[in-house]
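Comments concern the structure below.
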Amino acid sequence: MPQDSDSEDDVPLGARVAARAKQTETDAVMKNDDSEDEDFVGDSEDEEPLNKRKAIAKKPPVKMAPAAKSPKPNPVNENNNKKLFWETLSHSGVLFPPPYEPHGVKLIYDGRPVDLTPAEEEVAGFFAVMKDTDYAGKAVFVKNFWTDFQRILTPKSKAIVKDFKKCDWTPMYNYFFEQREKKKQMTKEEKLQIKAQKEVEEEPFTHAMIDGKKEKVGNFRVEPPGLFRGRGEHPKMGKLKERIKPKDVIINIGRDSPVPACPIPGEKWGEVRHDRTVTWLAGWKDTINTKDWKYVQFAATSSIKGESDQKKYEKARKLKDFIERIRKDYRAKMKDADNKIAQMATATYLIDKLALRAGGEKDEDLADTVGCCTLRVGHVTLIPPHTIHFDFLGKDSIRYDQSHEVDPVAYKSFGRFMEGKKDEMDIFDKINPTEVNSHLQELMPGLTIKVFRTYNASITLSRLLKETPEGTVAQKKSHYDSANKEVAILCNHQKGESKAHAGQMQKLTEKKDQMEAELKELQKEKPMSAKTENKIRGLKERLSKHMLSMSMKEELKTVSLGTSKINYLDPRITVAWCKRNEVPLATVYPKTLVEKFNWAMEVEPEFDF
DNA sequence: ACGCTCACTTAGTATTCCTTTG
DNA sequence: CAAAGGAATACTAAGTGAGCGT
């Protein structure tokens with residue numbers, strides 16, 4: 001980017017737009033000027049009154065983007081009417097991973113050790129550590145790795161390392177394994193020392209100042225290089241994710257804040273901009289999905305994220321006032337003779353009833369996953385009289401495999417949409433998320449598809465918590481968890497079964513058998529003493545508790561409760577419930593969630609979602 | 001109407017931390 | 001004290017949707 005930056009076309013779209021619209025309000029982007037010999041590339045100027053910019057006084061005028069030269073702003077259209085997130089913003093930039101340190105352990109090719117350059121050795125190492133994982137067994141992963149490995153090999157190495165099958169990664173793998181063991185074997189003091197060192201190193205990056213307030217930063221570490229691990233059958237798995245250099249990084253910072261010095265000697269930031277219409281502090285282009293960007297954002301516990309989270313839940317809560325009308329609308333339209341209207345209504349019905357995601361079109365070079373609007377005929381089975389079985393891969397290639405009894409009208413419409421279509425064809429071929437969203441906006445301002453997931457998750461929790469029984473804190477907590485579980489199932493939030501699960505269940509079963517045997521033994525006694533009766537009562541109680549926790553554990557083995565807690569359940573429901581039921585908040589929220597939801601802590605106990 | 005980019009939220013998994021147990 | 005086990009956090013991939021240009 002830097003060397004091309006004289007051409008406006010190389011500035012990201014949003015930046016150009018902002019620069020054009022901008023003028024004084026939106027301190028958008030600018031260009032670099034590589035002729036400058038500064039310690040970063042392209043701290044940009046704009047037409048803001050010069051007295052505001054002391055820094056520029058010491059250097060010759062910087063070349064400006066053509067758009068930025070245009071005369072005074074049209075005040076009506078300042079910053080393109082975009083919302084400004086901050087007035088001042090200062091931070092220390094990003095923390096880069098340490099440079100690669102060669103270990104000298106050889107790749108064995110065709111029985112002979114190969115001398116690799118450090119850069120080659122690094123990439124070989126990426127594969128070597130993974131040699132026994134599922135990934136390394138996948139043809140696509142190996143093929144992509146091999147292509148990129150070949151690409152970075154010097155001619156000399158390429159002349160030797162020609163066939164993947166002749167590579168022996170074992171010595172490298174063993175080296176990494178030993179390193180890991182050594183790390184584990186370190187003494188407590190050594191570990192503590194390393195941790196302290198790490199904290200010192202990251203200290204400048206952990207917080208930023210925004211409008212005079214110190215706030216926590218999220219992912220201030222630049223992602224290290226490695227092999228891309230896509231989820232599911234990702235066509236790009238195994239590709240080399242390249243090392244990000246300062247020139248790849250854009251810093252976004254307040255105009256009057258010092259630009260963080262580039263931490264790598266002799267190198268420069270790709271760009272420095274002052275865009276108040278966004279919340280990110282730094283960003284770089286993803287080297288795998290080249291249309292994507294990675295951003296350094298504030299942490300979830302920051303005010304800026306908290307405010308947006310609160311808005312999200314307020315919007316979902318607002319849907320309560322509109323939901324009846326909306327349901328009436330789609331029920332009436334599901335059987336419309338106009339297929340587009342009927343599809344729109346039926347899709348909305350699914351989004352509401354099953355909390356499906358929108359399902360936007362995806363590029364070919366991504367895993368084949370779907371949401372509501374991209375469901376294909378092969379993903380559903382109609383089971384008379386009006387049950388539909390869904391079997392498809394959703395976000396993160398997580399399988400949605402559920403049967404649902406549906407509205408008979410919806411069932412009939414489904415049949416109509418699928419009629420005469422092959423398995424690979426779209427069920428909802430007349431619509432897309434954008435159209436569904438604009439229809440929703442007509443029914444409620446600001447309403448989009450994803451709001452239904454938040455709404456249904458939160459209102460489900462709220463409804464289930466109303467049935468909380470009297471009892472101990474542990475019992476109430478368990479009731480909360482079951483409600484949480486219902487929501488997780490609704491949203492299809494899953495996790496991989498832990499490796500230890502089966503063994504743990506077996507142990508618990510053994511314990512159960514033992515308790516049952518003990519109980520039988522006690523009950524054999526003829527003249528029941530008061531002491532024995534007590535024992536029996538106690539044992540029975542422990543046994544039933546034990547069995548309950550066993551069945552809960554089994555039911556939850558692949559259900560993830562955390563995702564809905566973090567993203568879907570209005571924290572005010574939980575906080576108010578804790579207050580009403582005298583359950584300490586820490587029983588259901590870990591420390592970071594209490595922090596993240598600090599805006600909800602003062603909610604009144606009677607709060608109803 | 002459509003495609004595309006950008007910025008943000010949502011997501012599962014890997015790693016680390018902390019507590020319990022042996 | 002080490003190992004095990006579970007909880008919490010770190011990491012980064014994968015969605016959604018606004019908004020722009022064509």
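As the structure is a computational prediction, the values presented were derived from the model and not from experiment. Every chain is numbered from 1 and lettered A, B, ... according to where its sequence line falls, protein lines coming before strand lines.
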Once you apply a heavy-atom cut-off of 4.0 Å, does [X] come out as touching a base, just sugar-phosphate, or nothing?
| X | value |
| --- | --- |
| A:Ile566 | nothing |
| A:Lys507 | sugar-phosphate |
| A:Lys241 | sugar-phosphate |
| A:Phe220 | nothing |
| A:Gln504 | sugar-phosphate |
| A:Ile398 | sugar-phosphate |
| A:Lys553 | sugar-phosphate |
| A:Arg231 | base |
| A:Gly359 | sugar-phosphate |
| A:Lys188 | nothing |
| A:Thr279 | sugar-phosphate |
| A:Thr369 | sugar-phosphate |
| A:Gly283 | nothing |

In this structure, how many angstroms lie between the [atom2] atom of [N] and the [atom1] atom of [X], rounded?
| X | N | atom1 | atom2 | answer |
| --- | --- | --- | --- | --- |
| A:Asp286 | C:dC11 | CG | P | 17 Å |
| A:Glu361 | C:dA14 | CD | P | 17 Å |
| A:Tyr135 | B:dA14 | OH | P | 7 Å |
| A:Met130 | B:dT15 | CE | P | 10 Å |
| A:Asp365 | B:dC4 | CG | C1' | 14 Å |
| A:Glu595 | C:dA10 | CD | P | 11 Å |
| A:Tyr295 | C:dT16 | OH | P | 17 Å |
| A:Lys82 | B:dC8 | NZ | P | 10 Å |

Between [X] and [Y], is there a side-chain N and carboxylate O pair less than 4.0 Å apart?
| X | Y | value |
| --- | --- | --- |
| A:Glu510 | A:Lys507 | no |
| A:Arg376 | A:Asp426 | no |
| A:Lys312 | A:Asp309 | yes |

task = Classify the side chain of A:Lys450 versus the base of B:dT10 as yes if they form a donor-acceptor pair under 3.5 Å and no if they do not.
result =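 No, the side chain and the base share no sub-3.5 Å donor-acceptor pair.
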task = Compute both the distance and the angle, then confirm whether A:Lys236 meets the cation-pi test with A:Phe228: under 6.0 Å from the six-membered ring centre, within 45 degrees of the axis.
result =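 Judged by the rule (NZ or CZ under 6.0 Å from the ring centre, within 45° of its axis), A:Lys236 is not positioned above A:Phe228.
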So, is [X] near the phosphate of [N], with a side-chain N or O under 4.0 Å from OP1 or OP2?
| X | N | value |
| --- | --- | --- |
| A:Gln441 | C:dA18 | yes |
| A:Lys591 | C:dA8 | no |
| A:His493 | B:dT10 | no |

ask   = Mapping A:Pro224 and A:Ala358 onto DNA chain C by nearest heavy atom, which one lands closer to the 5' end?
value =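 Nearest nucleotide further toward 5': that of A:Pro224.
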task = Name the residue closer to the 5' end of DNA chain C, choosing between A:Gln185 and A:Tyr589 according to the nucleotide with the nearest heavy atom.
result =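 The residue closer to the strand's 5' end, by nearest nucleotide, is A:Gln185.
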query = Side chains of A:Glu233 and A:Ser397: donor-acceptor distance under 3.5 Å anywhere?
reply =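 No, no side-chain donor-acceptor pair sits under 3.5 Å.
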ask   = Does a donor on one side chain and an acceptor on the other come within less than 3.5 Å for A:Glu190 and A:Thr187?
value =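 Short answer, yes.
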task = Give a yes or no on whether the ring-centroid distance for A:His91 and A:Phe220 is below 6.0 angstrom.
result = no
